[in-house]
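No hydrogens, no waters, no symmetry mates; every other heavy atom, side chains included, goes into these values. Sequence lines set the chain letters: A, B, ... in the order given, protein chains first and strands last, and positions in each chain run from 1.
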Amino acid sequence: MRWSQYYLFTTREVPADAEVVSHQLMVRAGMIRKVAAGIYSYLPFGWRSIAKLMAIVRRELDAKGACELVMPAISPAELWQESGRWSKYGKELLRIKDRHGRDFVFGPTHEEVVTDIVRHDVKSYRQLPFNLYQIQTKFRDEIRPRFGLMRGREFLMKDAYSFDADDAGLDVAYRAMHDAYCAIFAACGLEYTVVEADTGAIGGSASHEFMVLAETGESEVVRCPGCGYSANVEKASSGALPPPERDGEPGPMREVATPGMTTVDEVAEFLGVPTAAMVKTLIYDNEKEEPVAVLVRGDRAVNEIKLANLLDVQYPVLASDEKVAALTGAPVGFAGPVGLPPGLRVIADESVRDLAGFACGANKADAHLVDVVWGRDVEVGEWADLLLARGGDPCPSDGCGGILEPFRGIEVGHIFKLGDKYSRAMGCTFLDENGREQPMIMGCYGLGIGRTVAAAIEQNHDDDGIIWPLPLAPFSVLLIALNPQEESVRRAADELYDALRQHGVEVFYDDRPERPGVKFKDADLIGIPLRLVVGKKSLAEGKVELSRRRDRQRQPVAVADAVERVMALLGD
RNA sequence: CGGGGCGUAGCUCAGCCUGGUAGAGCGCACGGUUCGGGACCGUGAGGCCGGAGGUUCAAAUCCUCUCGCCCCGACCA
C-alpha cells in the first residue's frame with residue numbers, strides 16, 4: 001500500500017480528551033476517530049490492526065472446533081423478558097423502540113439470542129456439544145465511557161457460547177476456551193494473567209478473567225506470590241485478618257460520649273484505639289427495600305458485589321439518612337450492632353469475628369460503645385465474607401501463609417460457566433439417552449477486540465509512538481523513500497515495494513513528498529515493526545537501511561539483499 | 001446520579017475578570033530557499049466564539065436556560 005494513496009493522517013497534537021497513552025496514540029496515529037462519547041469510527045489504519053486480531057481469534061477458536069456465526073445487533077424485548085434480564089440488566093442495556101412502538105435492545109451480549117437459535121434446532125444429546133461464536137459490535141450504555149477503546153459504549157467483542165449435555169462436558173468446553181484465549185493473547189505478544197472473577201450480570205457458577213497487566217488498567221487484582229491464587233478484587237477473598245493487639249482483657253461494656261464524631265477516624269482518634277479495633281455498621285438498602293445492617297472492621301470496606309450476591313439483589317446502596325435514623329434511632333454515624341431492632345437482618349463480615357472489646361456506635365446520637373464483646377454483649381446470627389480484599393491481606397488458600405499483592409490489569413477476556421441459567425429460563429432443552437428432557441449446560445466466553453488492541457499499545461510503546469507486536473501490526477514493513485523527488489531513490493524504492501509485495505510481505509510504502517524528519521517521526525508514531533529506508537546518500541553506495549522499531553538497531557543492507565533480510569527478520 | 005471543568009479556525013489554545021473592529025502556534029493553499037529526525041521566509045484561505053433567550057446603544061465577554069465533551073466521586077456510618 002502506498003501512503004500517498006492511503007487514508008492515514010497523523011497528528012502531532014495530543015487530543016485534549018485523551019487521557020491514557022493508548023488512546024492518545026491511536027488518535028495521533030490515525031487509527032480511530034471519536035463520533036460521540038464512547039463511540040468511535042475505526043479508520044483504515046486502525047481497522048487493519050483490529051482485523052489482524054480478529055484473524056488470530058478466528059484461527060484459535062476454529063482450532064478448538066468452534067463455529068462462527070453472526071447474530072443481529074438488535075434483538076426483541078421478548079427474548080430479554082424471557083430470560084429475566086429485561087428487568088435485571090439495568091440502565092446499561094440500551095432499549096429502543098421501532099416505529100410500531102415495539103421494544104428492542106441493542107445487544108450488550110447474546111445469550112438470549114443464541115439460546116433462542118439453539119432451542120429451535122437442537123433436540124437430542126446426539127447433536128451436542130458445540131460452540132458458536134461471533135465477532136460483532138455490542139453496545140453497553142456505560143455510566144462513564146473513557147480511555148478510548150478501553151471502555152467504549154459501542155465496542156467490538158468476540159462472544160462464544162458452548163452447549164453441552166452435562167457439567168463434565170462444560171468443563172471440557174471451558175478448558176478448551178481457556179486454552180484458546182491463552183493462545184490468542186500469547187500470539188499477540190501480551191503479558192497477561194488469568195484471575196478468578198465475579199460473574200456479574202451474566203450469571204453462572206465459575207468465571208475467570210484474562211488480565212493484561214497495565215498501570216492504567218481499570219481492574220484491581222490481588223495475587224499471592226506463594227500459591228499463585230489470583231482474583232479480581234470484586235471476587236477476591238482474604239485469609240483471616242490478624243486482630244489488632246490490645247492491652248489486657250476488655251472491661252465491661254460502657255458508653256462514651258462522642259459528640260459530633262460520625263466517622264471511624266474521628267472516633268478512633270478520640271478513643272485512642274486503632275480503626276481496626278472498631279466495628280463499622282453500615283445500613284444497606286436495595287431495590288427490594290429490604291435493608292440490612294452489615295458489620296465490617298473499622299479500617300475496611302464492604303465488597304458490595306459480594307453483598308449483592310449474598311442478598312440476591314441488584315443494587316445494594318447505603319440507606320438514606322432518614323432510613324438510617326428510623327432503623328437505628330440515631331443519626332448517621334452512630335450505628336452499632338448492640339440494640340438494633342429485632343426485625344433488621346444483621347450480617348457480620350468475618351473481619352470482625354476475632355475482635356475482642358471493640359468500639360462501635362451506640363445507636364444513639366453522640367455516643368459510642370467501647371469494650372463490646374461478642375457473645376457477652378451482643379450476638380450475631382449471620383456471618384459472611386463481605387470484605388473488599390486488598391494488597392497486604394493474608395492469602396485465603398489453606399496453609400499458604402502468603403501475602404496478597406495488588407496490581408492493575410485491563411480485562412481483555414472473560415469466560416463463564418453459565419450452567420442452565422439461560423437454557424432453563426428459555427426452554428433450551430434436549431432429550432438425553434434415557435429420553436428425559438434436560439436443559440443444556442452452557443458456557444459463554446467474551447473477548448474484547450478493541451480493548452485488546454488498546455492493551456497491546458498500552459504495553460508496547462515509547463515516547464515516540466506505538467511499537468506494534470508483529471501479529472497485530474497493521475503492516476509488517478514500512479518502506480520509506482526518503483527523497484522521492486530523486487529519480488534513483490524513487491526507482492529503487494518502487495522496485496523494493498514490488499519485490500516485497502511479490503513475496504507476500506504486507507508493506508506500507510511511504511512515497512509521500514514529505515521531508516525526511518516528518519517521515520521518521522511518522523514512522524516512529526505508527527510503529528510498524530520493520531523499517532526499510534531508501535535514501536540518496538546510502539543508495540549511492542548501493543545500500544538501504546533496515547531497522548526494527550523496537551530496538552532501533554539500524555543496519556545498512558545491500559539493495560540486492562534487502563528483501564531477503566526482511567524476510568529473515570519477519571520469520572524470527 | 002452528585003461535584004468540578006471546558007465548548008472561540010481542521011488541531012492545541014489565548015482573549016472573557018474590567019462589554020466596544022476575532023487572535024496565536026501547528027496544520028492547510030500558493031511562491032521561493034531547503035531536504036537523513038516534525039525546516040525557513042513571504043503571501044493567503046479559513047470562525048453565526050456550542051445553541052436559545054435576556055441585560056445593554058453595543059455581548060465571545062455579564063445573566064438565565066439548554067445541548068455536548070472531559071475529569072473526579074459514587075470507600076461509606
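- Nucleotides B:rC70 and B:rA24 are separated by 24 Å at their C1' atoms, to the nearest Å.
- In this structure, CZ of A:R12 is placed 15 Å from P of B:rC13, rounded to the nearest angstrom.
- For the P atom pair drawn from B:rA22 and B:rG51, the interatomic distance equals 16 Å after rounding to whole Å.
- In this entry the distance linking NZ of A:K34 with P of B:rG68 reads 13 Å, nearest Å.
- At whole-Å resolution of the value, CD in A:E486 and C1' in B:rG36 are 13 Å apart.
- Put simply, CD on A:E218 is 10 Å from P on B:rC72, counting in whole angstrom units.
- Taking only side-chain atoms of A:L318, from C-beta outward, the nucleotide of B:rA77, B:rG38, B:rC13 with the closest atom is B:rA77.
- The base of B:rG27 lies outside donor-acceptor range of the side chain of A:T11, with no N or O pair under 3.5 Å.
- Rounded to a whole Å, the NZ atom of A:K543 is 17 Å from the C1' atom of B:rG36.
- Base-pair partner of B:rC28: B:rG44 (Watson-Crick or G-U wobble, both distances under 3.5 Å).
- Taking the centre of each ring, A:F508 and A:W3 come in below the 6.0 Å mark.
- Comparing B:rG54 with B:rA9, their P atoms are spaced 25 Å from each other, to the whole Å.
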